Amino acid sequence: MPEKKILITGAAGRIGSVLREGLKDHYRLRLLYHNTILPARPGEEVHVSSITDMDRVMAAVQGVDTVVHMAGNPNGSASFEDILEANIRGTYTVYEAARRTGAGRVVFASSNHVTGYYEKNGIGTTTEVNARPDSFYGASKAYGEDLGRYYADAFGLSVICLRIGSFQPADSVINRTSDRILASWLSHRDTVQLVRCSIETGIHYGIYYGISNNTRAYWDLRNAREELGYAPEDNAETYA
């Protein structure tokens, strides 16, 4: 039986659902749901809570090795008020619950929108450049990265931030309405691999772009390859 116990927040979401399937043979899974609640499969544990309910989130985090934090408002055009609870308070709640319960690591679902204004100006980026968010959503993810840095430095929590690209099935690349996805695509199986690398790495804190091995990529994967051992298998160009 796998030794590590992993909590996936937002387990009913698009990414959470793929991770639930992709990680089930490698880890003991605890799943945190909110509005959509799916029945537990053999070997799974289910918790139900708003991501901002400290007591319930602490109960969900208690005893896990890593929190894979996927819950939040994913709407890139959301207002500040719509972002505030899930992405600002909710991210704080997860980090603080991990600190209080002694969880070793949080894998934080950040976003390429943290540096979205570089892209708007045609500038490729590494994780070493300053944030230039393109929305309240992108700013909330920049906050999550910085808050994770604070928890890593002040409290010893390991935090791995993944700036996720265009998480879509291959059909979305084939039937694309623009060519952006040829640069920004993150396939389902590469998502699972990237998260597994993030769970297993010895890195204490890091920020990494999450895309597949795309020929047209304008975000740099070098540190993900070198530090996490990430070796993406898919390339959007296959479907170009």
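Model, not experiment: these values are computed from the prediction.
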Test log, rule side-chain contact (heavy atoms from CB on, under 4.5 Å), inputs Ile207 and Ile160: CA-CA 6 Å; Ile207 300 172; Ile160 304 297; over 6 Å; no
Backbone N or O of Cys197 within a donor-acceptor pair of the Thr201 side chain at under 3.5 Å? no
Going only through I, L, V, M, F, W and Y residues with side-chain contacts under 4.5 Å, is there a path from Val173 to Ile15? no
Of all heavy-atom pairs between Tyr33 and Val46, which one has the smallest distance, and what is that distance? CD1-CG1, 3.7 Å
One should read off an interatomic distance between Leu162 CG and Lys141 NZ, to the nearest 0.5 angstrom, of 10.5 Å
Mind running salt bridge (charged side-chain N to carboxylate O under 4.0 Å, His left out) on Lys5 and Glu45 for me, showing each step along the way? CA-CA 10 Å; Lys5 181 177 285 187; Glu45 299 175 29; 2.9 Å; yes
What's the separation between atom CG in Leu29 and atom CD1 in Ile8, rounded to the nearest 0.5 Å? 5.0 Å
Test item: Val67 and Val94 side chains (from C-beta on) under 4.5 Å apart, heavy atoms: yes
So how far is it from Leu19 CG to Thr191 OG1, rounded to the nearest 0.5 Å? 7.0 Å
In one Ile/Leu/Val/Met/Phe/Trp/Tyr side-chain cluster, 4.5 Å: Phe80, Leu147: yes
Does a donor on one side chain and an acceptor on the other come within less than 3.5 Å for His34 and Ser50? no
Could you tell me whether Tyr117 atom OH has more than 12 heavy atoms of other residues or ligands within 6.0 Å of it? no
Between Ile51 and His69, is any pair of side-chain heavy atoms under 4.5 Å apart? yes
Could you label the plane-to-plane angle of the His188 and Phe167 rings as parallel, tilted or perpendicular, counting under 30° as parallel and over 60° as perpendicular? parallel
Has the side chain of Ser79 got a donor or acceptor atom that lies under 3.5 Å from a matching backbone atom of Asp82? yes
For Arg216 and Asp179, run side-chain contact (heavy atoms from CB on, under 4.5 Å): C-alpha distance rounded to whole Å, both residues' side-chain angles, the deciding distance at 0.1 Å, then the answer. CA-CA 10 Å; Arg216 307 189 196 192; Asp179 283 346; 4.1 Å; yes
So does Ala97 get a backbone contact from the side chain of Thr101, meaning a donor-acceptor N/O pair under 3.5 Å? yes
With under 30° as parallel and over 60° as perpendicular, where do the rings of Tyr137 and His113 fit, or are they tilted in between? perpendicular
So, does Asn214 use its side chain to make a donor-acceptor pair with the main chain of Asn235 at under 3.5 Å? no
Whether the side chain of Arg28 engages the backbone of Glu3 through a donor-acceptor N/O pair (distance < 3.5 Å, no angle test) should be reported. yes
Any side-chain donor near an acceptor of the partner, Thr125 and Asp220, under 3.5 Å: no
Is a side-chain donor or acceptor of Asn175 paired with a backbone partner of Asp171 at a separation under 3.5 angstrom? yes
Heavy-atom neighbours of Phe136 CZ exceed 12 at 6.0 Å: no
Is there a donor-acceptor contact under 3.5 Å from the side chain of Thr9 to the main chain of Ala71? yes
Looking at side-chain heavy atoms only, is the closest gap between Arg176 and Leu182 below 4.5 Å? yes
Please report the closest heavy-atom contact between Tyr230 and Ile211, naming both atoms and the distance. OH-O, 2.7 Å
Gap separating the CD atom of Gln168 from the OG atom of Ser184, nearest 0.5 angstrom: 8.5 Å
Linked, directly or transitively: Val159 and Leu32 (ILVMFWY side chains, under 4.5 Å): yes
Contacts table for residues 149-158: side-chain donor-acceptor under 3.5 angstrom, sequence neighbours left out:
from: Arg149; atom 1: NE; to: Asp153; atom 2: OD2; distance (Å): 3.3
from: Arg149; atom 1: NH2; to: Asp153; atom 2: OD1; distance (Å): 2.9
from: Tyr151; atom 1: OH; to: Glu96; atom 2: OE1; distance (Å): 2.6
from: Ser158; atom 1: OG; to: Arg105; atom 2: NE; distance (Å): 2.8
from: Ser158; atom 1: OG; to: Arg105; atom 2: NH2; distance (Å): 3.0
from: Ser158; atom 1: OG; to: Ile203; atom 2: O; distance (Å): 3.3
from: Ser158; atom 1: OG; to: His204; atom 2: O; distance (Å): 2.9

Closest heavy-atom contact between Ala109 and Ile164? CB-CD1, 4.0 Å
Any side-chain heavy-atom pair of Phe108 and Arg163 under 4.5 Å: no
At their closest point, which heavy atom of Ala86 faces which heavy atom of Asn73, and how far apart are they? CB-N, 3.9 Å
Within a strict 4.5 Å, meaning less than it, do heavy atoms of the Val114 and Glu145 side chains meet? yes
If you round to the nearest 0.5 Å, how far is CD1 of Ile123 from CZ of Arg132? 5.5 Å
I would like to know whether Lys120 and Asp134 meet salt bridge (charged side-chain N to carboxylate O under 4.0 Å, His left out); could you show each step before the answer? CA-CA 9 Å; Lys120 288 178 183 293; Asp134 59 10; 5.1 Å; no
Do other residues, nucleotides or ligands put more than 12 heavy atoms under 6.0 Å from Arg56 CZ? no
Path from Val48 to Leu38 over hydrophobic side-chain contacts below 4.5 Å: yes
Co-membership, hydrophobic cluster, residues Val57 and Leu7, 4.5 Å side-chain: yes
Checking Ser140 against Asn87: is there a side-chain donor and acceptor pair closer than 3.5 Å? yes
Taking the side chain as everything from C-beta on, heavy atoms only, tell me whether Trp185 gets closer than 4.5 Å to Tyr239. yes
Minimal non-hydrogen separation, Thr91 against Gly144, with atom names: CG2-CA, 4.0 Å
Applying side-chain contact (heavy atoms from CB on, under 4.5 Å), run through Tyr209 and Leu186 and close with a yes or a no. CA-CA 10 Å; Tyr209 281 102; Leu186 176 61; over 6 Å; no
Between Ser187 and Asp234, is there a side-chain donor-acceptor contact under 3.5 Å, judged purely by atom types and distance? yes
Output for pair (Arg196 CZ, Leu23 CG), nearest 0.5 Å, gives 7.5 Å
Please determine whether the number of non-hydrogen atoms from other residues, nucleotides or ligands lying under 6.0 Å from atom CZ of Arg100 exceeds 12. yes
How close do Met70 and Val195 get, heavy atom to heavy atom, and via which atoms? CE-CG2, 4.5 Å
Could you check whether any side-chain N or O of Asn75 sits under 3.5 Å from a backbone N or O of Ser77, counting only pairs where one atom can act as donor and the other as acceptor? yes
Salt bridge (Lys or Arg N to Asp or Glu O under 4.0 Å) filter on Arg41, not counting sequence neighbours, yields Glu21, Glu44
Go through the steps to decide whether Ile6 and Ile199 satisfy the test side-chain contact (heavy atoms from CB on, under 4.5 Å), and finish with yes or no. CA-CA 9 Å; Ile6 307 299; Ile199 292 169; 4.0 Å; yes
